[in-house]
Engineer: 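Quick one: the structure is below, and I'll ask about it shortly.
Everything numeric here is computed off the predicted structure, so don't read it as measured data. Per chain, numbering begins at 1; letters A, B, ... match sequence-line order.
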Protein chains: 2
Amino acid sequence: MAATLHDVARVAGVSFKTVSNVINNHPHVRDTTRAKVEQAIQELGYRPNLTARSLRSGHTGAITLALPQLSLPYFAELADAVIEAAAKHGLVVLIEQTGASRERELEVMASPRLKMSDGLIFSPLALGQEDVDLIKADVPIVLLGERISGSASDHVTMQNVTAARAATEHLLDMGRKRIAVVGAHEGEVIGSAGLRLRGYREALEARGIQYDDGIVAYVVDWHRSNGAAAMHDLLDRGATFDALFGLNDTLAQGAVRVLQEAGFRVPEDVAVIGFDDLDETRYSLPTLSTVDPGRTEIAETAIRMLMERIKDPTGMPPREIETEFHVVPRESTAGTGPA
Amino acid sequence: MAATLHDVARVAGVSFKTVSNVINNHPHVRDTTRAKVEQAIQELGYRPNLTARSLRSGHTGAITLALPQLSLPYFAELADAVIEAAAKHGLVVLIEQTGASRERELEVMASPRLKMSDGLIFSPLALGQEDVDLIKADVPIVLLGERISGSASDHVTMQNVTAARAATEHLLDMGRKRIAVVGAHEGEVIGSAGLRLRGYREALEARGIQYDDGIVAYVVDWHRSNGAAAMHDLLDRGATFDALFGLNDTLAQGAVRVLQEAGFRVPEDVAVIGFDDLDETRYSLPTLSTVDPGRTEIAETAIRMLMERIKDPTGMPPREIETEFHVVPRESTAGTGPA
DNA sequence: GCCATATTTTACAACGTTGAAGCAGGTGCC
DNA sequence: GGCACCTGCTTCAACGTTGTAAAATATGGC
């Protein structure tokens, strides 16, 4: 068995509490004693038992990250960012996949194993605004995404409307007039799809361009295949357009593939912009213009808020923070400017 | 504060140990007592404190998965598979990113927080065969990948040589004669790159085709940009070939992009196969033929072995298991058969 | 050299749980 | 009717740690 404080104490010839004091850098430990204890720690290869420490102290040094699925690139990159941000503060990350199932999302908040961590960073995909009152758990929560706002928890979100508007304006600035959209969600107002579509409409409106539902393709999920299907749909119904706004990168990639198969050149015939700045958009053919929603900032802000909340669970009212975004122009919108 | 066994016991009018017995489905609890206790549990919203349970029982119900980085699609999909496999057994997964740094990889095994879990599934990328004796920790380890074998830990690996041979044979079966390779590692014998190159050579040899180092491109990392650079390199030195084996999908994707830019048609001019069966290879243009290395099986086998080892840490000698693979033909090698 | 005070170390009690062991009371067997 | 044995519950100790408070030792002033 692994060595305990008692074992170290016996070897060092002191009480086990003194060993504890050495480990926790208490003042009032004589140098000679400290040396003796450290020697014994070395000798036995002592490592503190974090479970016992957790039980005693009431916190674990871990946080839970709940997201739909790691094989979706957006969430993989989000998880990467969260783990890195957490590591900077000495926290480990425990991952729960919800598969975007409502049941699993509720279960994550209710599960006793959530208490194996000190807090939850939660990116729901099935729960919506109507579930706002169900967002609660035994630990502090920081909510990510746009599906639910005004909950009792802190919330980090991207500037969907403004960023989508900027993406659309980027296409307009390139001289494009008929901008198709893939990825809208039927009737949605408050989720990412609804908000990004709103940004799109605002951009059009500001330039005096009429919104045309005929070049907006609706989907259910935001996977590549949905982007491809939506583009098929647009082409099948004879839609004409000179630009495309994919409401996320994955949709845009699926749509680009179909465009190219159908003989359209990107960006010459159709300029395309996505949303998310996935790593892979840097390597596709053509490279995909996109919007960097500030993923690192999202992760770091979420960790910071969660830590503050863990330290002082009831101190402040719920906060809502929006991160900075950047339009990232690449080949898929290149050289198509009016000048 | 959250309710404890004692609180429930007080409400139910029994001893706290009886509550514990109810929760753990001990026999010898009268139905009426059980009902009373369950009522009290409901009433108080009692949830067991897993930290205390862990301390007492000596196991946590979590496992650690250590991998280079989640933003690399291969590892994201691996993590997805491991989390799903773990969930089937009621285990949570705690993720450590090593960034493929030797120091971090060693640190993961030495860190006291590894003991917040019952075992480690470890996919090293910096440590190599020379470090075989450093593979040890306070918990059982299951090693993934090809970099280290013959350690004291259980090991799950894919059939790199045989699978790479099958991939190469697939290209040969399509009538291709000059098969370029991107992704070789200088001087490597035992890692994924070395093994897959060996499979490639075996396939050539079996058909009496001379190995030509002039159409093998060496790289340092296995990212898309390396695949692109390697293909640039091949083209620059005037290499001629009618097929390409990317030692993983990401490399193949980077190379395909460069090929297409250079005016080559895939698969007409160059047939391409990758390795890994990443989800996204289903959606690229053209869709990428590849080798499915049995990711789900890897994850499930790793979890199973780890659980066996947790239950009986010293029972059996280290085991080494190879998973089944499948060649997945898609558009990038389509219609190029001899018939 | 002694008291007051500051420093260093110790003993004890938690944290919430489970396993071991024990104690009533009832049942079955001869 | 007495003994063994179940059933149903309880008490106690332990898992390895940290906080509190008290005890032991050292330091300083006179």
Engineer: Is there a donor-acceptor pair under 3.5 Å between the side chain of A:S57 and the backbone N or O of A:R53?
Structural biologist: yes
Engineer: Roughly, in whole Å, what's the span from CG in A:N49 to C1' in D:dA14?
Structural biologist: 13 Å
Engineer: Can you check whether B:N24 has a side-chain N or O nearer than 4.0 Å to OP1 or OP2 of C:dT18?
Structural biologist: yes
Engineer: Write down the distance between NE2 (A:H28) and C1' (C:dT10), rounded to a whole number of angstrom.
Structural biologist: 15 Å
Engineer: A:I23 has an atom CD1; how far is it from atom P of D:dG19, in whole Å?
Structural biologist: 12 Å
Engineer: Can a side chain N or O of A:S15 be found less than 4.0 Å away from OP1 or OP2 on C:dT10?
Structural biologist: yes
Engineer: With a 3.5 Å cut-off and just heavy-atom distances, do the side chain of A:R56 and the base of D:dT18 make a donor-acceptor pair?
Structural biologist: yes
Engineer: Quick check: on DNA chain D, is the nucleotide nearest A:R30 upstream (toward 5') of the one nearest A:N21, or the reverse? Name the residue that is more 5'.
Structural biologist: A:N21
Engineer: Using a heavy-atom cut-off of under 4.0 Å over every strand shown, decide if A:S57 touches base, sugar-phosphate, or nothing.
Structural biologist: nothing
Engineer: Looking only at side-chain N and O atoms, does A:E43 offer a donor or acceptor that is under 3.5 Å from a partner on A:Q39?
Structural biologist: yes
Engineer: Starting at atom NE2 of A:H26, determine the distance to atom P of C:dT9, rounded to an integer number of angstrom.
Structural biologist: 13 Å
Engineer: Tell me whether the side-chain N or O atoms of A:K17 pair up with the base of D:dG19 as donor and acceptor below 3.5 Å, since no angle test is needed here.
Structural biologist: yes
Engineer: Does B:E297 use its side chain to pair, donor to acceptor, with the backbone of B:E324 at less than 3.5 Å?
Structural biologist: yes
Engineer: So B:P27, base contact, sugar-phosphate only, or nothing? Heavy-atom distance under 4.0 Å.
Structural biologist: nothing
Engineer: With heavy atoms under 4.0 Å as the rule, sort A:S54 into base, sugar-phosphate or nothing.
Structural biologist: nothing
Engineer: Specify the separation, in whole Å, of atom CG of A:L5 and atom P of C:dC12.
Structural biologist: 17 Å
Engineer: For A:L114, is there any backbone N or O sitting under 3.5 Å from a side-chain donor or acceptor partner on A:S117?
Structural biologist: yes
Engineer: Check this one for me: any side-chain N or O of B:S20 less than 4.0 Å away from OP1 or OP2 of C:dT18?
Structural biologist: yes
Engineer: Is the backbone of B:L134 close enough, under 3.5 Å, to the side chain of B:D131 for a donor and an acceptor to pair up by distance?
Structural biologist: no
Engineer: Tell me: NE2 of A:H6 to C1' of D:dA13, nearest whole Å?
Structural biologist: 14 Å
Engineer: Using atom NE2 of A:H59 as one end and atom P of D:dT17 as the other, report the distance to the nearest whole Å.
Structural biologist: 15 Å
Engineer: For C:dT18, take OP1 and OP2 only and decide whether either is under 4.0 Å from a side-chain N or O of B:R53.
Structural biologist: yes
Engineer: Whole-Å distance between C:dG19 P and B:L55 CG?
Structural biologist: 13 Å
